[in-house]
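Below, chain A is the first sequence line, B the second, and so on; all start at residue 1. Computed from a predicted model, the values in this text were never measured in an experiment.
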Protein chains: 2
Amino acid sequence: MGNITIRELAQRLGLSIATVSKALKDSYEISDATKKKIVSLANELNYSPNPYASSLRKQQSKTIAVVLPEVADSFFSLAINGIQEVALAKGYHVLFYLSHESFELEKKAINHCNNGRVDGVLISVSSETRDTAHISSLRSKNIPVVFFDRELEGYAAPKVVTNDYECGELAAKHLLDKGCRFPVFLSTSDALAICQNRFSGFANEINKIRNEIATYPFIINCSNDKNIYDQIASILEKFPAIDGIVASVEKLAIQTLLVCADQNIPIPDRIKVLAFSTLETAPLLNPSLTTISQPAFDIGKHSAETLITMIEKKKHSITNDYKAVLPSALNIRKSTQ
Amino acid sequence: MGNITIRELAQRLGLSIATVSKALKDSYEISDATKKKIVSLANELNYSPNPYASSLRKQQSKTIAVVLPEVADSFFSLAINGIQEVALAKGYHVLFYLSHESFELEKKAINHCNNGRVDGVLISVSSETRDTAHISSLRSKNIPVVFFDRELEGYAAPKVVTNDYECGELAAKHLLDKGCRFPVFLSTSDALAICQNRFSGFANEINKIRNEIATYPFIINCSNDKNIYDQIASILEKFPAIDGIVASVEKLAIQTLLVCADQNIPIPDRIKVLAFSTLETAPLLNPSLTTISQPAFDIGKHSAETLITMIEKKKHSITNDYKAVLPSALNIRKSTQ
DNA sequence: TTGTACGCGTTATCAC
DNA sequence: GTGATAACGCGTACAA
């Protein structure tokens, strides 16, 4: 509205629009004297260039989109911090879209990115996501995409992840070491690469001693977001032999602990619990929670750096098979003693 | 780039740009026949209008900014969910800026909003914020601002908050009830209205019985973000009489619990702890944590609704003295038994 | 019912 | 060193 424009500056100073524009960008073509006049008036009037006019002209928005399932989750909120740090440093703005684990919402979000609104997209896919057409459509418009954490197996794009397979092994080993005979892996989706990989590592270890172990479910999918609590409760009832749980994501961990608390299932005495999580309160829980903690901040940071490199270098530097693997750490606490 | 434009659609169909534009908006001026042709081609080519061109022309961006101190905090992450829900429903995009409790970063963020980039701003101020000039500058450009949770006392703008004063009273009453003689209030900033109000209520209760109580610090500011842990540790050392703590924000609560755990200070036996917090793990902590939990989601939701109402109704409906107060709840758990 | 033409605020090219 | 002017893609008076 009452916004001050470059044209107005020009008129007030009796100069041309072009001169003002150049002066504000400190072009060598403009004399120091007029530069000074222009800049000082601009400051005085608190002039700020209209970003959308500029975007339209330059065909770039200096904006990236971040599409993720949830923000009320310690992993994602830390990752966001990393993303924001890079964005701030490089002069990018950040648009957020939450999928809430819904494929439809994710598609909708991606479609908002298809028209010049953003220069690139950072995505951690929903647990429902199987199809990749929506993401391919970004590529067809030359909008770079980087996956972080929750990638899409088989889709060729740069990815920043953690060493999920090894951590799955580590989790299983730890539980077996601590005497578990019937550990089970709680998955949040059979399509997510992070779950698949974490489980593969887990299963690999379990299989080494499988003949010792009776048949019971190694993996259980808690897909429907609504009643995770009930699902976990019924699992524990149905398979009383279960003496170890690996929660593949934070939400499953918290619900597991709630179920055990409500049903007076002693941890670690009857069931040992290990969670993939960056929960800050893990050491304060009752009992303190053994976790495999991802380098969330660094994953966010590195993925944003990767994306911006692609945007600015026009993808020559980073290829679609680029994959950064940042290691997680096992933090042993009382829930698995 | 290879982006498909309205002009291209027009050329392919041998129509004018105006016709296409109108048809895509389902204008009554265009015949059904040509509408159909246009829409089907648009779909086929996956046409999506350039939002920045549209913003420029319409002088509105359908975008709001959210400026807040932190996202790795359960209150803010839940509030974000509320904001996003409304934004999605009303067709707005959301740009996030984190201040990390820094006034400079907050100013920088606000300055990005000063030029047509956003139609309105939702803000929860940093703990360093005292000056209001940066926010006034938004108003001078007719960009509506709504405060949520962390408002600025004395600055006339719509606000969505919780009943901080009453909750401060409630906190004090509860601790006194449970036998505390020397409860202390941990504040994160002496300038934040939420801290002032929570403390005022707290102090009001304490003062009722003040003559019974020796002199000790009723309120302590943990301002510097870096070493909150150390600050709390030294407070507890310096004032061993302290037998109750009210943590005014989540970060202070967690650090308090960590200090007590490390120093083997038994909760609630030696010190009772109550936190303003929406921590999902509060019931799972050791001991479970008594909280005053804010309606974070609803605060986010209502503030976004308020902002969008102002944007669309051009402020006639909502005045600067608008203030919505959503009540918090006391959840009594073991940390204060 | 459709088309012409202009402007939103910038940037970039080219002429002076 | 400075100034016209043409885009960028869209929306909308106003003609036709």
Side-chain angles (χ1 to χ4, degrees), chain A residues 1-39 41-42 45-63 91 112 114-119 141-142, chain B residues 1-39 41-42 45-63 112 114-119 141-143:
Chain A
M1 287 310 159
N3 246 344
I4 164 101
T5 72
I6 217 175
R7 171 173 2 304
E8 196 166 332
L9 293 179
Q11 282 173 347
R12 293 221 198 191
L13 292 169
L15 290 169
S16 81
I17 298 180
T19 308
V20 174
S21 174
K22 287 174 187 164
L24 290 172
K25 310 181 59 191
D26 201 24
S27 160
Y28 66 96
E29 300 176 74
I30 308 295
S31 76
D32 282 355
T34 45
K35 257 186 207 168
K36 236 171 216 166
K37 271 195 299 191
I38 292 172
V39 169
L41 181 64
L45 298 184
N46 197 16
Y47 167 77
S48 175
N50 182 306
Y52 296 151
S54 172
S55 290
L56 190 56
R57 180 60 236 241
K58 296 202 292 187
Q59 295 291 85
Q60 51 142 294
S61 62
K62 277 282 185 179
T63 302
H112 284 308
N114 238 322
N115 44 28
R117 189 185 297 278
V118 300
D119 297 338
K141 304 239 182 174
N142 282 317
Chain B
M1 289 308 162
N3 246 344
I4 165 102
T5 74
I6 216 176
R7 179 185 340 315
E8 195 166 332
L9 293 179
Q11 282 173 346
R12 293 218 198 194
L13 292 168
L15 291 168
S16 82
I17 299 180
T19 308
V20 175
S21 174
K22 288 173 187 163
L24 290 173
K25 312 181 61 190
D26 202 22
S27 161
Y28 66 96
E29 300 176 70
I30 307 298
S31 75
D32 283 354
T34 46
K35 259 187 208 167
K36 235 172 217 168
K37 268 195 300 189
I38 292 172
V39 169
L41 182 62
L45 298 184
N46 197 15
Y47 167 77
S48 175
N50 182 306
Y52 297 149
S54 169
S55 290
L56 192 56
R57 178 62 234 251
K58 297 200 290 186
Q59 296 291 84
Q60 50 142 302
S61 62
K62 278 286 188 174
T63 302
H112 283 309
N114 237 323
N115 43 29
R117 189 185 297 279
V118 299
D119 297 336
K141 305 238 181 174
N142 283 317
I143 298 170

(request) Choose from D/dC10, D/dG1, C/dT10 the nucleotide whose nearest atom is closest to any side-chain atom of A/S31. (result) D/dG1
(request) Using whole Å, report how far NZ of A/K37 lies from P of D/dT2. (result) 8 Å
(message) Could you tell me how far apart B/I4 (CD1) and D/dC10 (P) are, to the nearest whole angstrom?
(response) 9 Å
(message) Output the rounded distance in Å from CD (B/Q60) to C1' (D/dG11).
(response) 12 Å
(message) For A/K35 and B/T5, find the nucleotide of DNA chain D closest to each by heavy atoms; which residue's nucleotide sits nearer the 5' end?
(response) A/K35
(message) Which residues pass the salt bridge (charged side-chain N to carboxylate O under 4.0 Å, His left out) test with B/R7, not counting sequence neighbours?
(response) none
Under 3.5 Å, sequence neighbours excluded: what are the donor-acceptor pairs made by side chains of residues 20-28 of chain B?
unit_1, atom_1, unit_2, atom_2, d
B/D26, OD1, B/K35, NZ, 2.9
B/S27, OG, B/E29, N, 3.0

(request) For B/R12, enumerate each residue passing the salt bridge (charged side-chain N to carboxylate O under 4.0 Å, His left out) test, keeping only those at least two apart in sequence or located in another chain. (result) B/E8
(message) When you measure from the side-chain N and O atoms of B/T34 to the phosphate of C/dT2, is any distance below 4.0 Å, counting only OP1 and OP2?
(response) yes
(message) Between A/K141 and B/N46, is there a side-chain heavy-atom distance shorter than 4.5 Å?
(response) yes
Tabulated below should be each protein N or O lying under 3.5 Å from an N or O of nucleotides 12-16 of chain C; please produce it.
unit_1, atom_1, unit_2, atom_2, d
C/dA12, OP2, A/K25, NZ, 3.1
C/dA12, O4', A/R57, NH2, 3.3

(message) So, does A/S16 get its side chain near the phosphate of D/dG3, meaning an N or O under 4.0 Å from OP1 or OP2?
(response) yes
(message) Looking at D/dC10, I'd like to know if its phosphate oxygens (OP1 or OP2) sit under 4.0 Å from a side-chain N or O belonging to B/Y47.
(response) yes
(request) Report yes if a side-chain nitrogen or oxygen of B/S54 is closer than 4.0 Å to either non-bridging phosphate oxygen (OP1 or OP2) of D/dG11; otherwise report no. (result) yes
(request) Answer whether the closest heavy-atom distance between the side chains of A/Y47 and A/L41 falls below 4.5 Å. (result) no
(message) Is B/Q59 close enough to C/dG9 that one of its side-chain N or O atoms is under 4.0 Å from OP1 or OP2 there?
(response) yes
(request) Not counting sequence neighbours, which residues clear side-chain contact (heavy atoms from CB on, under 4.5 Å) with A/K36? List them please. (result) none
(message) Rounding to 10°, can you tell me the angle the first-five-pair axis of the helix from C/dT1-D/dA16 to C/dC16-D/dG1 makes with its last-five-pair axis?
(response) 50°
(message) Once side-chain contact (heavy atoms from CB on, under 4.5 Å) is applied, do any residues pair with A/L56, and if so which ones, sequence neighbours excluded?
(response) B/N50, B/A53, B/L56
(request) Ignoring backbone atoms, test whether B/Y52 places a side-chain nitrogen or oxygen under 4.0 Å from the OP1 or OP2 oxygen of D/dG11. (result) no
(message) I need the CG-P distance between A/L13 and D/dG3, as an integer number of Å.
(response) 10 Å
(message) List the residues meeting side-chain contact (heavy atoms from CB on, under 4.5 Å) with A/T19, not counting sequence neighbours, and say none if there are none.
(response) A/S16, A/I30, A/I38
(request) State whether B/T19 places a side-chain N or O below 4.0 Å from either non-bridging phosphate oxygen (OP1 or OP2) of C/dT2. (result) no
(request) Take atom CD1 of B/I30 and atom C1' of D/dG11, then tell me their distance rounded to the nearest Å. (result) 13 Å
(request) Please name all residues satisfying salt bridge (charged side-chain N to carboxylate O under 4.0 Å, His left out) with B/D32, sequence neighbours left out, ordered by chain then number. (result) none
(request) Provide, to the nearest angstrom, the distance between the CG atom belonging to A/N115 and the P atom belonging to D/dG9. (result) 12 Å
(message) Rounded at 0.5 Å granularity, tell me how far CD1 in B/I143 sits from CG in B/D119.
(response) 8.5 Å
(request) Could you tell me the separation between the CG atom of A/D26 and the P atom of D/dG1, rounded to a whole number of Å? (result) 13 Å
(request) By nearest nucleotide on DNA chain C, pick out whichever of B/Y28 and A/I6 is the more 5' one. (result) B/Y28
(request) Would you kindly give the CG-to-C1' distance between A/N3 and C/dG9, to the nearest whole Å? (result) 10 Å
